[in-house]
Amino acid sequence: MTDPLDAPTDFTFTVSATDGQARTGHIAMPRGTIRTPAFMPVGTAATVKAMYPEQVRDLGADVVLGNTYHLMLRPGPERMARLGGLHRFMRWDGPILTDSGGFQVMSLSALRKIDEEGVTFRSHIDGTAHRMSPERSIEIQGLLGSDIQMQLDECVRLPAERAEIEKAMRLSLRWAERCRVAFGEQPGKAMFGIVQGGDIPDLRVESARALTDLDLKGYAIGGLAVGEPQAVMLAMIETVEPHLPATKPRYLMGVGTPDDLMQSVMRGIDMFDCVMPTRAGRHGLAYTRHGRINLRNARHAEDTRPLDEASACPAARDYSRAYLHHLVRSEEILGMMLLTWNNLAYYQQLMAGMRTAIAAGRLVDFVAETKDGWARAEAAEKG
RNA sequence: GGGGGAAUGUCCCGAGCGGCAAAGGGGGCGGACUGUAAAUCCGCUGCGUAAGCUUCGUAGGUUCGAGUCCUACUUCCCCCA
């Protein structure tokens, strides 16, 4: 993509246009350029499930996410390093962002213990115990060859008591400092901090300010979309946004639905990752210009229309809903592949649309038009 | 010709000591999925809003009470001739 001779040697974020709180621009780094706002497909176990790497790239994804916890267990970071790193391993030469394992601190709660030093996980694969400190997390991400590394944090599922949220937020802050030291100076790469604080505004502000003082290359907002209503999530973004430096990328972790993405971009978010398009696709749900379409439903059994006749994605344009319905019902692998492909295509199309709209100063209109498209299709379906 | 076994909820398979509207599956119908342990999870699936009503091949019988026990019949399967 980028001519090696012209490739930047460092990590730079450039905002080229703003529209309200929203911004568009790009992150330039040696492995490639990430156009923002960006959606990063999730490739937990060194694969964006049911997709070829080339497909992911062709859809317009500039960066994918890999997962420290999963790759640490299998194939293992040292082996990955011997094999030449994650990029080569999975045949993805663009930037890779790795999650630190922080999310698993929450999602594997039955299998872990947390203390000041770090986290003790029990492998979901074979039950063996694994220790991960902030330093080890950064070390593993380095062995994987990650371009954007995340600090180890503690993510709390909501609703939760203030005391628990506060404790996790403070611990995450201390871990952020340790991760920063462990990461050191790595031109061309970045380590992001993660704002915590649950649904409590003053804790969010405290977290954002303290992280800003660490002068990191990017800032994530974590611990959202973990059980709270969308309105609460959006309120937290609005709370945090003014306290994050405008010159650094802002990454909303683990979000979200197409509407979440639009609402969050309008509030100043530059990067997202989410399992939604891939997982929902594997489970028979398509995200389209015409809204959500559950291909398992009987009403598609003889519907010869494609998901979206105007899409550039073959999965959306060339296959009938009747066929997709059949594949999903038959649990055929191709059904998962096509729906994942469609969903990722739609997500990337949505991001591209927002980038263009921001540059043109008409993001609000774009969002309204998009939602109108969903509503019209829904009305037609009922009428 | 002789002997043995089986028929279950109106899609299928299938459990079912005399108290059963009847376990489980599959299938079907719908829902969920947000830094991916999970190609996973959750509802509903005789009629009725309900009291209740009608179900276990058919017809009788025993019993307070029968899907369960007895008799006959029908159909299917297996073994021996």
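Side chains included, hydrogens not; waters and symmetry mates left out as well; all remaining heavy atoms used. We name chains A, B, ... by the order of the sequence lines, and we start the count at 1 in each one.
Nearest nucleotide to the side chain of S100(A), out of G35(B), C33(B), U36(B): G35(B). Closest approach to the L65(A) side chain among U34(B), U36(B), C33(B) is made by U36(B) (side chain taken as heavy atoms from C-beta onward). Of the candidate nucleotides U34(B), G35(B), G30(B), G35(B) has the atom lying nearest to any side-chain atom of D99(A). Among G30(B), U34(B), G35(B), the nucleotide with an atom closest to any side-chain atom of D260(A) is U34(B). You'll find that the side chain of M276(A) is closest to U34(B), out of U34(B), G35(B), U36(B). Here the nucleotide nearest the side chain of R292(A), chosen from U34(B), A32(B), A38(B), is A32(B). With G35(B), U34(B), A32(B) as the choices, the nucleotide that has an atom nearest any side-chain atom of H283(A) turns out to be A32(B). The listed nucleotides are A39(B), A37(B), G30(B); the one nearest the side chain of H70(A) is A37(B). When distances are taken from the side chain of L111(A) to each of A37(B), U36(B), A32(B), the shortest belongs to A37(B).
What separates CD1 of I269(A) from P of U34(B) is a distance of 19 Å, to the nearest Å. The nearest whole Å value for the distance from the CZ atom in F121(A) to the C1' atom in G35(B) is 12 Å. Straight-line distance from the NE2 atom of H300(A) to the C1' atom of G30(B): 13 Å, rounded to whole Å. Counting to the nearest Å, the P atom of G31(B) and the CG atom of L285(A) are 9 Å from each other. Per the geometry, CG belonging to N294(A) stands 18 Å off P belonging to G43(B), to the nearest Å. H124(A) places its NE2 atom 9 Å from the C1' atom of U36(B), with the value rounded to the nearest Å. In this structure, CD of Q151(A) is placed 12 Å from C1' of G35(B), rounded to the nearest angstrom. Atom CD1 of I125(A) is separated from atom C1' of A38(B) by 12 Å (rounded to the nearest Å).
Comparing G256(A) and R296(A) by the nucleotide of RNA chain B whose heavy atom lies nearest to each, the residue mapping closer to the 5' end is R296(A). When each of N297(A) and V226(A) is assigned the nucleotide of RNA chain B bearing its nearest heavy atom, the one mapping closer to the 5' terminus is N297(A).
The partner of G27(B), taking Watson-Crick or G-U wobble pairs whose two distances both stay under 3.5 Å, is U45(B). Pairing of A51(B), defined by two Watson-Crick or G-U wobble distances under 3.5 Å, is not identified with any nucleotide. Using N1 to N3 plus N6-O4 or O6-N4 for Watson-Crick, or N1-O2 and O6-N3 for G-U wobble, each under 3.5 Å, A39(B) pairs with nothing. Pairing for C64(B) goes to G19(B), judged as Watson-Crick or G-U wobble with the two contacts each under 3.5 Å. With a cut-off of 3.5 Å on both pairing distances, the Watson-Crick or G-U wobble partner of U75(B) is A6(B).
Rounded to a whole angstrom, the distance from the P atom of G46(B) to that of A22(B) is 11 Å. Rounded to whole Å, the separation between the P atoms of C76(B) and G26(B) comes to 32 Å. The gap from the C1' atom of C11(B) to that of G31(B) amounts to 23 Å, rounded to the nearest Å. As rounded to the nearest Å, U10(B) and G67(B) have P atoms that lie 16 Å from one another. A7(B) and G52(B): their P atoms are spaced 31 Å apart (whole Å). Comparing the same atom, P, in A59(B) and in U8(B) gives a spacing of 16 Å after rounding to whole Å. Across C64(B) and G14(B), the matching P atoms stand 36 Å from one another, rounded to whole Å. Taking atom P in both C17(B) and U68(B), one finds a spacing of 11 Å when rounded to whole Å.
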Take Y319(A) and H326(A), measure what ring-ring contact (aromatic ring centres under 6.0 Å, His included) needs, and give me the verdict at the end. CA-CA 11 Å; Y319(A) 297 84; H326(A) 163 74; over 10 Å; no
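Using a 4.0 Å heavy-atom distance criterion, Q196(A) is classed as a base contact. At a threshold of 4.0 angstrom between heavy atoms, the contacts of D273(A) are confined to the sugar-phosphate backbone, with no base atom among them. Within 4.0 Å (heavy atoms only), L73(A) reaches no atom of the nucleic acid at all. At the heavy-atom level, R157(A) lies nowhere under 4.0 Å from the strands shown. Within 4.0 Å (heavy atoms only), G335(A) reaches no atom of the nucleic acid at all.
F39(A) has its ring centre less than 6.0 Å from the ring centre of Y347(A).
Separating the CD1 atom in I165(A) from the NZ atom in K167(A) is a distance of 13.0 Å, to the nearest 0.5 Å.
In textbook terms, a nucleotide whose glycosidic angle is within 90° of 0 is syn, and C20(B) is one such case.
The residues D215(A) and R180(A) are annotated as not salt-bridged, no charged nitrogen and carboxylate oxygen being separated by less than 4.0 angstrom.
Judged by distance alone, the side chain of S137(A) and the main-chain N or O of S100(A) form a donor-acceptor pair under 3.5 Å.
One N or O donor and one acceptor, one from the side chain of T278(A) and one from the base of U36(B), sit under 3.5 Å apart. Between the base of G35(B) and the side chain of D153(A) there is a donor-acceptor pair shorter than 3.5 Å.
Look at Q104(A) and you'll find a side-chain N or O under 4.0 angstrom from OP1 or OP2 of U36(B). Contact annotation: N67(A) reaches the phosphate of U36(B) (side-chain N/O to OP1 or OP2, under 4.0 Å).
Of the residues listed (I138(A), L144(A), V64(A), L65(A)), the one engaging T98(A) in a side-chain contact (heavy atoms from CB on, under 4.5 Å) is L144(A), and it is the only one.
Listed by first and then second residue, the side-chain hydrogen bond (donor to acceptor under 3.5 Å, both in side chains) pairs that reach into residues 354-371 of chain A are D259(A)-K371(A), R362(A)-E369(A), sequence neighbours excluded.
Judged by the 6.0 Å and 45° rule, R57(A) forms a cation-pi pair with W92(A).
When the salt bridge (Lys or Arg N to Asp or Glu O under 4.0 Å) test is applied to E177(A), no partner is found at least two apart in sequence or on another chain.
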